[in-house]
Structures are given as C-alpha cells and as structure tokens.
Amino acid sequence: MIDVRDLTKHYAAAAGLRSLLPGRRGQVTRAVEGVSFDIGAGEVLGLVGESGSGKSTTGRLLVGLETPSSGTIRIDGTDSTVARTRDKRAFHRQVQMIFQDPYGALNPQHTVGELVGRPLLYQGVRDRAKVAASVRSVLAEVGLNPPESHLDKHPHQLSGGQRQRVCIARAIILEPRFLVADEPVSMLDVSIKWDIVRLLKRLARDRGIAMLYITHDLATVGAVCDRLAIMYRGRIVETGPVEAVLSAPSDAYTRTLIAAIPSADPDIVRVPPPALAQAAV
Ligand code: ADP
Ligand code: MG
C-alpha cells in the first residue's frame with residue numbers, strides 16, 4: 001500500500017551562524033539517503049534509530065511536510081507528490097501524522113471537541129450534527145470515555161496521555177489509510193506508554209491503517225510493530241520481522257541498539273541471547 005523507493009533528502013547545511021565557520025559553507029546534510037520500504041494495510045513498520053539518523057525527516061517526507069530531493073513515495077500506486085499537488089484535501093484524508101509532543105500539537109485555545117472536529121470542517125463537512133457524532137465516536141474509540149465529559153475541556157485540563165489520545169482521535173477522524181507516528185510515546189510516563197502503544201496497534205489492525213511507527217528506543221516496538229527497519233545515518237541498515245531482528249540482528253548497529261534497551265520485560269521484547277548481547281558491548 002505504501003511503497004517508498006530510493007527516498008533521499010539533502011539539506012544545504014550552511015544555515016545560520018554555523019555557515020560562518022571555515023569549511024561549512026556549501027556543506028550538505030544527507031538526512032535521508034536512498035531509503036526504500038513498503039507497508040501493507042493494517043501493518044505497522046517500526047522505523048528505529050538514534051537521534052539524528054533521519055527518522056523524522058523520513059516521516060515528514062511521507063506526509064508531505066517536506067519534498068524529497070529524489071525518490072518516490074507511492075500510496076495505493078499513486079505518486080504522493082502528484083496526489084498532493086492535484087488535491088491537497090483528498091491527500092490529507094489519506095495521510096495523517098502524530099507527533100511526540102501532544103501539548104505542542106494542540107492549540108490551547110480550542111476545546112477537545114473543536115480540535116477533533118476541525119479536520120472534518122476543513123474537509124467541507126457542514127452538518128454540525130454529523131461532525132458532533134463523528135467526534136464522539138472517535139473519542140470513544142481512543143479511550144476518552146465518556147466522550148461528553150471531554151468535549152469542552154481544553155488541552156491543559158488533560159493529562160499527557162489524554163492529550164495524545166486527542167491527537168490520535170484527530171488523526172483518525174478522516175479515516176486515513178496511512179499514519180505516521182513520530183515518537184508518539186517518548187514524552188509520556190511509563191505507566192501510560194503501553195496503553196497508547198496498544199491503542200495504536202489496535203487502530204492499525206481494526207481500521208486496516210498502514211502505520212510507520214518512529215522511535216529511538218526499541219523498548220516499545222515488540223508491542224506495536226510487525227516489522228522493523230533500522231536506520232543509521234540516513235540509511236536503512238537492516239529490515240525484517242520484529243522477532244527476527246530482535247532475536248538475531250544481523251547488523252552491528254542493531255546489536256548496539258538492542259543492548260541499550262532499558263527494559264528487559266520479556267512480554268515486551270525478546271531479550272537478545274547472551275552471546276549477542278556480549279558481542280554488542
Ligand atoms: P531523527 O528524527 O532520526 O532524530 P532527523 O530526521 O530529525 O533525525 O534529522 C536527520 C538529520 O537531518 C540531522 O542531522 C538533522 O540535523 C538534519 N535536519 C533535519 N531537518 C533539517 C532541516 N530542516 N534543515 C537542515 N537540516 C535538517
Ligand atoms: Mg526525530
């Protein structure tokens with residue numbers, strides 16, 4: 001469903017004060033370098049790598065927040081750059097993104113009802129009753145129950161987990177086919193993390209959404225991802241089913257990531273065999 005081929009994004013690095021440093025002018029940051037993968041309907045692909053490896057840039061390229069330097073992104077066979085320029089609103093019905101900071105992503109002046117219903121208004125839905133019914137339905141689906149008790153609240157009246165649920169509700173209200181979740185639980189308390197992770201997994205499965213789950217740590221991937229793509233310095237160095245990558249990583253970099261998993265909860269991830277864990281040290 002999502003087909004990414006040879007995706008590349010280069011930035012002219014010499015912006016700001018750094019450009020004044022000798023040798024900086026004209027340098028290029030190769031944020032994403034020849035990345036290819038595909039994601040099927042209902043499937044969650046984990047994009048994992050350390051900070052600065054190009055994960056967010058990849059996510060932004062996929063949802064059209066950035067334009068590729070080269071390469072193609074196809075959604076159901078259609079080139080996404082073409083689809084986006086042809087009909088922006090139709091593109092946004094298909095593709096949505098969830099960010100790391102749910103507070104920063106929500107306008108504090110608006111109520112939950114307004115925030116979640118806004119995409120429908122933007123799509124031209126004028127029937128107030130229809131919007132209200134959809135808002136209530138997605139709020140219930142993301143676990144904000146009863147929906148009525150959340151509709152008139154403002155973001156600051158919610159917990160971090162509830163705010164991320166609002167962001168998720170807003171992202172699914174248009175019934176997208178593809179969702180990019182960029183570090184969606186990195187800022188949440190451990191106690192809430194797993195609920196949100198399981199919610200994302202359930203949404204992908206039940207709604208048949210293709211999902212790119214971006215994270216810098218491997219702790220949560222076992223609970224949400226079907227496959228993993230390990231990213232290092234703009235490139236994908238390893239891909240495979242979650243279990244296979246975690247239990248028998250073929251790449252040295254993947255092994256160092258596995259060694260860095262803080263939680264060794266066997267329900268969450270496969271702990272690497274001792275030989276591999278040693279090799280990674
Ligand atoms: P990650 O999400 O894996 O931490 P990013 O995709 O944010 O990595 O960044 C990858 C690289 O691209 C980094 O070196 C970053 O500094 C650079 N980069 C990201 N966005 C921009 C931009 N808008 N302009 C210049 N460089 C950027
Ligand atoms: Mg990032």
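Order of appearance sets the numbers: ligands from 1, and atoms from 1 within every ligand. Computed from a predicted model, the values in this text were never measured in an experiment.
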Assess [X] for proximity to ligand 1: is some non-hydrogen atom of it under 4.0 Å away?
{"X": "Met231", "value": "no"}
{"X": "His216", "value": "no"}
{"X": "Gly49", "value": "no"}

So is [X] polar-close to ligand 1, meaning N/O to N/O under 3.5 Å?
{"X": "Ala31", "answer": "no"}
{"X": "Ser56", "answer": "yes"}
{"X": "Ser53", "answer": "yes"}
{"X": "Ala12", "answer": "no"}
{"X": "Glu66", "answer": "no"}

Transitively linked via ILVMFWY side-chain contacts under 4.5 Å: [X] with [Y]?
{"X": "Leu144", "Y": "Ile173", "value": "yes"}
{"X": "Val221", "Y": "Tyr253", "value": "yes"}
{"X": "Ile230", "Y": "Val32", "value": "no"}

Can you name the atoms of ligand 1, numbered from 1 with element, that are less than 4.0 Å from a heavy atom of [X]?
{"X": "Glu50", "value": "3 (O)"}
{"X": "Thr57", "value": "5 (P), 6 (O), 9 (O), 19 (C)"}
{"X": "Arg60", "value": "20 (N)"}
{"X": "Ser51", "value": "4 (O)"}
{"X": "Thr29", "value": "12 (O), 14 (O), 17 (C)"}

Ion pair check, [X] and [Y], cut-off under 4.0 Å:
{"X": "Glu141", "Y": "Arg207", "value": "yes"}
{"X": "Asp87", "Y": "Arg89", "value": "no"}
{"X": "Asp76", "Y": "Arg177", "value": "yes"}
{"X": "Asp101", "Y": "Arg163", "value": "no"}
{"X": "Arg227", "Y": "Asp38", "value": "yes"}

Practice problem: Report yes or no: does Ser56 have an N/O/S atom closer than 2.8 Å to the Mg ion (ligand 2)? | Solution: yes
Quiz prompt | side-chain contact (heavy atoms from CB on, under 4.5 Å) between Ser80 and Phe91, intermediate numbers included | solution = CA-CA 8 Å; Ser80 79; Phe91 180 78; 3.8 Å; yes
Exercise. Could you see which bit of Glu183 sits under 4.0 Å from ligand 1, with heavy atoms only: side chain, backbone, both or neither?
Key: neither
Quiz item: Which one of Leu7, Thr78, Thr81 satisfies the side-chain contact (heavy atoms from CB on, under 4.5 Å) criterion with Ile73?
Solution: Leu7
